[in-house]
Amino acid sequence: MNTATLNRLDDWAWEIPKSGTMRVPGIIFASEELVGGMDEKVREQMSNVASLPGIVQAAYAMPDAHWGYGFPIGGVAAFDPQEGGVVSAGGVGFDISCGVRTLLTALSVEDIEPLRAQLADGLFQHVPAGVGSTSRLRLDERELTAMLNGGARWAVGAGYGQPADLGRIEQGGRYDGADPAQVSGEARHRQVDEMGTLGSGNHYLELQAVTDVYDPATADAFGLAVGAVVVSIHCGSRGLGHQVATEFARRMVIEGPGYGIRLADRELASVPIDSPVGRDYFGAMLAAANCALANRQILAHFVREVFERVTGDGNLSLLYDVSHNVCSLETHEIAGRRRDVYVHRKGATRSLGPGAADVPADLKAIGQPVLIGGSMGTCSYILAGTAASETRAFSSACHGAGRCQSRSQSMRQNRGEDVVERLRRRHITIKSRSLRGVAEEAPTAYKDVNAVVEVTHAAGLARKVARLAPLICVKG
DNA sequence: ATGTAC
């Protein structure tokens with residue numbers, strides 16, 4: 001992106017000034033290098049989002065932003081229903097409630113070494129991964145509805161994990177307001193045999209070592225210490241969420257113009273929050289979000305089963321589970337007035353500071369754990385939410401490294417075998433059924449996650465707590 | 001992201 005046309009607000013924030021149809025400015029949190037590396041499409045998409053009815057304050061982009069379907073990935077946008085605000089399927093994305101959860105183990109890096117092959121093979125065999133992967137679970141209609149209403153709470157009730165897990169999941173493990181009746185038969189059908197599957201693309205299951213601690217007191221409260229091993233799961237709502245997004249994106253294109261919504265790009269696909277289709281989408285989207293929470297809960301149970309068998313200890317406690325593709329109704333102070341707005345975070349993680357209502361009770365004084373997943377073979381980070389993020393970007397932070405190359409570009413540049421070999425030499429074990437998938441997800445296809453996190457920290461969106469390096473990575 | 005296109 002050409003920085004000459006942006007207003008530099010401070011070291012870490014750049015403004016796309018209001019022009020043309022834009023109702024609010026765009027604000028990009030980035031270093032000069034990161035913003036310079038962003039495609040002009042990001043600016044175009046942010047300007048389009050800033051032109052949508054009812055948008056408040058600004059359209060935001062996190063330092064990992066890159067262009068996506070309609071809205072940029074790494075984007076945050078809030079809309080006020082009292083000012084004709086909209087919801088958009090493209091503003092949440094196709095993988096509804098895709099997110100990360102991190103579990104703590106009692107093991108150190110040294111403990112893992114003799115068990116490395118057994119754990120890698122055990123996880124690879126026990127956790128279904130890949131395109132079209134299916135589970136040994138089969139849900140009937142009644143169970144599917146209960147799952148869509150109950151999220152991770154349903155999963156715990158069905159025997160996957162413990163009640164204590166729920167306190168460490170966003171929204172207590174269940175999004176309120178889900179409307180399973182708005183999830184089509186087709187979407188349900190796709191999920192009948194996909195509960196407890198990892199999926200493909202950038203989704204993964206990783207064993208990671210804590211390599212650095214930046215804030216010892218917070219790391220201690222989170223249960224993190226240098227040399228400890230954790231398990232992170234990155235995945236979403238699989239076929240069901242994708243089907244919900246597909247159907248509503250289509251419906252919004254058809255019904256949006258009836259509400260006087262004119263789009264610069266049909267992928268912006270928006271309808272008023274206060275319309276039948278807007279309410280249907282919001283209810284269906286939250287049901288899909290519950291599906292993702294239940295899915296990650298079941299996957300964690302599978303991980304615990306493997307740890308129990310291989311190490312004799314399956315008691316992994318949950319640090320946190322947070323989505324980075326979701327729209328939620330939240331109260332924010334905007335221009336001195338508290339307003340209820342619908343915040344779309346697409347490739348952006350919520351980042352609640354100390355004292356916020358949804359921070360787990362035992363972490364209330366510290367802030368919400370913010371889980372940042374790196375790309376395959378690179379580091380991940382644990383951060384903590386800040387009070388400053390509330391005023392800067394509706395309590396939001398980045399979500400990962402962010403792509404800098406398309407899948408096809410990455411596939412042309414990399415052979416899957418070479419990527420696996422390169423990582424093996426760095427003592428990182430990759431288990432995948434798809435060498436093509438590995439080539440598409442090669443580290444070279446992503447920005448430098450360290451640089452993204454540095455900006456996130458320096459801009460006050462979240463603060464660094466610990467860094468994680470991959471040991472074993474199970475890919476879809 | 002996705003039974004990897006309508």
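Being a predicted model, the structure only gives us computed values, none of them experimental. The chains referred to below are lettered A, B, ... by the order of the sequence lines, with proteins before strands, and numbering in each begins at 1.
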S.K.: Determine the interplanar angle of the A:His234 and A:His203 rings, folded into 0 to 90°, and report it as parallel if under 30°, tilted if 30 to 60°, perpendicular if over 60°.
M.R.: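 Plane angle over 60°, so perpendicular.
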S.K.: Can you tell me if A:Arg350 and A:Ser323 form a side-chain donor-acceptor pair at under 3.5 Å?
M.R.: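 No, no side-chain donor-acceptor pair sits under 3.5 Å.
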S.K.: Please report the distance, rounded to the nearest Å, between CD in A:Glu247 and P in B:dT2.
M.R.: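 Atom-to-atom, A:Glu247 to B:dT2, this comes out as 16 Å.
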S.K.: Give one of base, sugar-phosphate or nothing for A:Arg407, where a contact means two heavy atoms less than 4.0 Å apart.
M.R.: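 Base contact.
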S.K.: CG of A:Asp193 versus C1' of B:dT2: gap in Å, rounded?
M.R.: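 The distance from CG of A:Asp193 to C1' of B:dT2 comes to 14 Å, rounded to the nearest Å.
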S.K.: So does A:Arg138 pair up with A:Glu143, basic N to acidic O under 4.0 Å?
M.R.: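 Looking at A:Arg138 and A:Glu143, the cut-off is not met.
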S.K.: Round to a whole Å and report the spacing from NE2 of A:His242 to P of B:dT4.
M.R.: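 To the nearest whole Å, that distance equals 9 Å.
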S.K.: Cut-off 3.5 Å, side chains only: do A:Ser184 and A:Glu186 have a donor facing an acceptor?
M.R.: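 Distance-only check fails for A:Ser184 and A:Glu186.
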S.K.: Could you tell me whether A:Glu194 contacts a base, only the sugar-phosphate backbone, or nothing, with contacts defined as non-hydrogen atoms closer than 4.0 Å?
M.R.: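 Counting heavy atoms under 4.0 Å across all strands, the contact made by A:Glu194 is with sugar-phosphate only.
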S.K.: Nearest whole Å is fine: how far is B:dA5 P from A:Glu267 CD?
M.R.: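 Answer to the nearest Å: 15 Å.
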S.K.: When the distance from CE of A:Met411 to P of B:dT4 is rounded to whole Å, what number comes out?
M.R.: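 My rounded result for the distance is 15 Å.
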S.K.: Could you give the side-chain donor-acceptor pairs of residues 62-77 of chain A under 3.5 Å, partners two or more places apart or in another chain?
M.R.:
residue, atom, partner, partner atom, Å
A:Asp64, OD2, A:His399, N, 2.9
A:Asp64, OD2, A:His399, ND1, 2.5
A:Asp64, OD2, A:Gly400, N, 3.0

S.K.: What residues in residues 92-103 of chain A put a non-hydrogen atom under 4.0 Å from any atom of DNA chain B?
M.R.: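 Contacting residues: A:Phe94, A:Asp95.
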S.K.: Please figure out whether A:Glu441 or A:Arg436 has its closest DNA chain B nucleotide nearer the 5' end.
M.R.: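 Here A:Glu441 is the residue nearer the 5' end.
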S.K.: When you measure from the side-chain N and O atoms of A:Ser200 to the phosphate of B:dT2, is any distance below 4.0 Å, counting only OP1 and OP2?
M.R.: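 True: A:Ser200 side-chain N/O within range (under 4.0 Å) of B:dT2 OP1/OP2.
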S.K.: Tell me yes or no: between the side chains of A:Thr378 and A:Ser375, is some donor less than 3.5 Å from an acceptor?
M.R.: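 Yes, a side-chain donor-acceptor pair sits under 3.5 Å.
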S.K.: Measure from CZ on A:Arg250 to P on B:dA5 and round the result to the nearest Å.
M.R.: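 For the pair A:Arg250 CZ and B:dA5 P, the rounded distance is 15 Å.
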S.K.: Can you sort out the partners of A:Met22 under side-chain contact (heavy atoms from CB on, under 4.5 Å), two or more places apart, ordered by chain and number?
M.R.: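 Residues passing side-chain contact (heavy atoms from CB on, under 4.5 Å) with A:Met22: A:Ile16, A:Lys18, A:Ser19, A:Ser47, A:Ala50, A:Ser51.
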S.K.: Starting from C1' on B:dT2, measure out to NE2 on A:His189 and report it in whole angstrom.
M.R.: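 Interatomic distance, NE2 of A:His189 to C1' of B:dT2: 15 Å.
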